[in-house]
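Comments concern the structure below.
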There are 2 protein chains.
Amino acid sequence: MQTERQKEIIEVALELISEKGIQGLTIKNLSKRIGITEPAIYRHYDSKTDILIAILDHFNNNTEHIFKREMQNVDKSLDKIAHLFTKHFAHFSAKPSLLAVIFSEEIFRNDPVLIDKISKVIDKNHQILAEIVSVGQKNGEIRLDIEADHLSTIITGTLRLFVKRWQFSGHTYNLPEEGKKLIESIKHLIIK
Amino acid sequence: MQTERQKEIIEVALELISEKGIQGLTIKNLSKRIGITEPAIYRHYDSKTDILIAILDHFNNNTEHIFKREMQNVDKSLDKIAHLFTKHFAHFSAKPSLLAVIFSEEIFRNDPVLIDKISKVIDKNHQILAEIVSVGQKNGEIRLDIEADHLSTIITGTLRLFVKRWQFSGHTYNLPEEGKKLIESIKHLIIK
DNA sequence: ACAAAGTTAGTGAACATTAACTAACATGCA
DNA sequence: TGCATGTTAGTTAATGTTCACTAACTTTGT
């Protein structure tokens, strides 16, 4: 389990990355914002890499939660996908700091441990979505002329670019609202 | 115009970013690989930021070329889009070093000049593609029930994620070949 | 002979991390 | 109860490394 201080460190680390990119995440900045000295950070995490790992785990648990719950709750595949989008938009809108981390895999390129971890996350999410699509195809909800794997790439790719553009705009428009329209377009696109 | 040495510096800089991410691009690494000393770099570029700007310009010129030529050559919109994909795949396959830069906008977060530059590039490309789609809709080639802007996001997002996944896999499969299949899927998706 | 392109040697700043120490609090035992 | 011991979470000071960049000098090609 995480202590209060550990949670605080992760939260502030996300803030810093969100504000200034990965280069803004230094032990100095981290400690300054929390209000303790640099070495004190090492009472809670052994190294900076451990902090980054904790961030990845944090994100991983979060989406895994969303994905898995969505798999069970609704029964129509199209609704599942729509819900997935909506949940993500709401999530990002409430906590934009996560965004800067999630869509910046290059950030973790230094460490082989980190790159392996994030690779697996991406792969897993892709496979879960492909599975949902595949079920939808068997149910007769989703078109069959395009393989589930491609549809999953199309859906995820669209989501990612859309959110990224929102991030780049400085969050100037309403993500969940505009996202709703995009979800409708995607539904039309993949429906049988 | 660029001197031979300047071209070499940009090329090697791309290599380094490709291999180790932005943190791999240091004046030391750069000079070592070229085979000169660090201060010699400053005979050719005034600062590291100037090198990053040159990289962005390099990329900008490249895609602008591809996009603009494609706008004129073929007359069917669907073929234009297919060609655009194919060209990009071939381009990235031949020069994977570009990839690490193009899809890593966070890299440039330090400098406001750089972030403004890359924002404009992304926006411009999106608009060009949206325009192609829009023409295709008027011609009766592309479905009308989804707005051109959304279709452009869907197409670009798919392309980006697909290429990114290839990059993440360590270029283990054939990008142009697998890409061809994805292009077919997208064609089916947006055709009227 | 002169300018371009290189060198050596160094700068100060930032980086993650460690060492040594301390105050406050908790635990165990006579 | 009260002292001894240990733990937690912080401090100051310093380590070695890497960073981008500079001043001053040398080589090289026209």
Side-chain angles (χ1 to χ4, degrees), chain A residues 1-56 100-101 104 106-115 117, chain B residues 1-56 100-101 104 106-115 117:
Chain A
M1 263 305 287
Q2 277 186 321
T3 64
E4 280 305 305
R5 199 50 121 192
Q6 281 178 322
K7 280 184 203 162
E8 190 183 5
I9 289 172
I10 297 310
E11 199 151 312
V12 172
L14 282 169
E15 269 176 41
L16 287 170
I17 294 175
S18 175
E19 286 168 25
K20 308 176 213 171
I22 192 63
Q23 312 209 27
L25 177 62
T26 65
I27 302 295
K28 193 175 191 169
N29 289 348
L30 204 48
S31 55
K32 199 191 293 171
R33 184 164 298 193
I34 291 175
I36 56 177
T37 58
E38 297 166 55
I41 298 290
Y42 291 90
R43 293 283 170 210
H44 308 278
Y45 285 103
D46 282 347
S47 67
K48 195 183 170 181
T49 298
D50 281 1
I51 294 175
L52 288 168
I53 287 175
I55 288 174
L56 278 182
V101 182
S104 318
E106 302 79 8
I107 280 176
F108 302 104
R109 281 245 233 141
N110 286 331
D111 201 301
V113 177
L114 294 175
I115 205 172
K117 227 175 165 64
Chain B
M1 262 303 289
Q2 280 185 318
T3 64
E4 280 306 305
R5 197 53 117 192
Q6 282 177 321
K7 281 184 201 160
E8 191 182 4
I9 289 172
I10 298 309
E11 198 150 315
V12 172
L14 283 170
E15 268 176 41
L16 287 171
I17 294 175
S18 175
E19 286 168 25
K20 306 176 214 171
I22 193 61
Q23 314 212 21
L25 177 61
T26 65
I27 302 296
K28 192 175 192 172
N29 289 348
L30 204 49
S31 55
K32 199 191 290 171
R33 185 163 297 190
I34 291 175
I36 57 178
T37 58
E38 298 168 53
I41 298 290
Y42 291 89
R43 294 282 171 210
H44 307 279
Y45 285 102
D46 283 347
S47 68
K48 196 183 169 182
T49 298
D50 281 2
I51 294 175
L52 287 168
I53 288 175
I55 288 174
L56 277 182
V101 182
S104 317
E106 304 79 26
I107 279 175
F108 302 104
R109 280 242 233 147
N110 287 331
D111 201 304
V113 177
L114 295 175
I115 205 172
K117 231 177 162 62

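First the proteins, then the strands, lettered A, B, ... as listed; each starts at 1. All values derive from a computational prediction rather than experimental measurement.
Listed by residue number, the members of residues 27-38 of chain B with any heavy atom below 4.0 angstrom from DNA chain C are B:Ile36, B:Thr37. Using a 4.0 Å cut-off on heavy atoms, the residues of residues 43-50 of chain A that approach DNA chain C are A:Arg43, A:Ser47, A:Lys48, listed by number.
Between the P atom of D:dT12 and the OH atom of A:Tyr42 lies a distance of 17 Å, rounded to the nearest Å.
With sequence neighbours excluded, the residues forming a salt bridge (Lys or Arg N to Asp or Glu O under 4.0 Å) with A:Lys7 are A:Glu4, listed by chain and number. Partners of B:Glu11 according to the side-chain hydrogen bond (donor to acceptor under 3.5 Å, both in side chains) rule, which considers only residues two or more places apart in sequence or in another chain, do not exist here.
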State the dot-bracket string of DNA chain D. Criteria: Watson-Crick or G-U wobble, both atom distances under 3.5 angstrom; notation: ( ) intrastrand, [ ] crossing earlier pairs, | interstrand, . unpaired.
||||||||||||||||||||||||||||||
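Contacts between chain B and DNA chain C, taken as any atom within less than 4.0 angstrom of a protein heavy atom, begin and end at C:dA5 to C:dA9.
Note that CG of B:Leu16 is 6.0 Å distant from CG of B:Leu25, once rounded to the nearest 0.5 Å. Rounding to the nearest 0.5 Å gives a distance of 6.0 Å between CD of A:Gln23 and CD of B:Gln23.
Between B:Ile10 and B:Tyr45, the closest side-chain pair of non-hydrogen atoms falls below 4.5 Å.
A:Glu8 and A:Arg5 get closest at one heavy-atom pair: OE1-NH1, 2.7 Å.
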Donor-acceptor contacts, no H, no angles, side chain residues 29-37 of chain A, under 3.5 Å, sequence neighbours left out:
unit_1: A:Asn29; atom_1: ND2; unit_2: A:Gly24; atom_2: O; d: 2.8
unit_1: A:Asn29; atom_1: ND2; unit_2: A:Thr26; atom_2: OG1; d: 3.4
unit_1: A:Ser31; atom_1: OG; unit_2: A:Ile27; atom_2: O; d: 2.9
unit_1: A:Ser31; atom_1: OG; unit_2: A:Lys28; atom_2: O; d: 2.9
unit_1: A:Arg33; atom_1: NH1; unit_2: A:Glu15; atom_2: OE1; d: 3.0
unit_1: A:Arg33; atom_1: NH1; unit_2: A:Glu19; atom_2: OE1; d: 3.4
unit_1: A:Arg33; atom_1: NH1; unit_2: A:Glu19; atom_2: OE2; d: 2.9
unit_1: A:Arg33; atom_1: NH2; unit_2: A:Glu19; atom_2: OE1; d: 2.9

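Pairs passing the salt bridge (Lys or Arg N to Asp or Glu O under 4.0 Å) check and including a residue from residues 36-51 of chain A, sequence neighbours excluded, do not occur.
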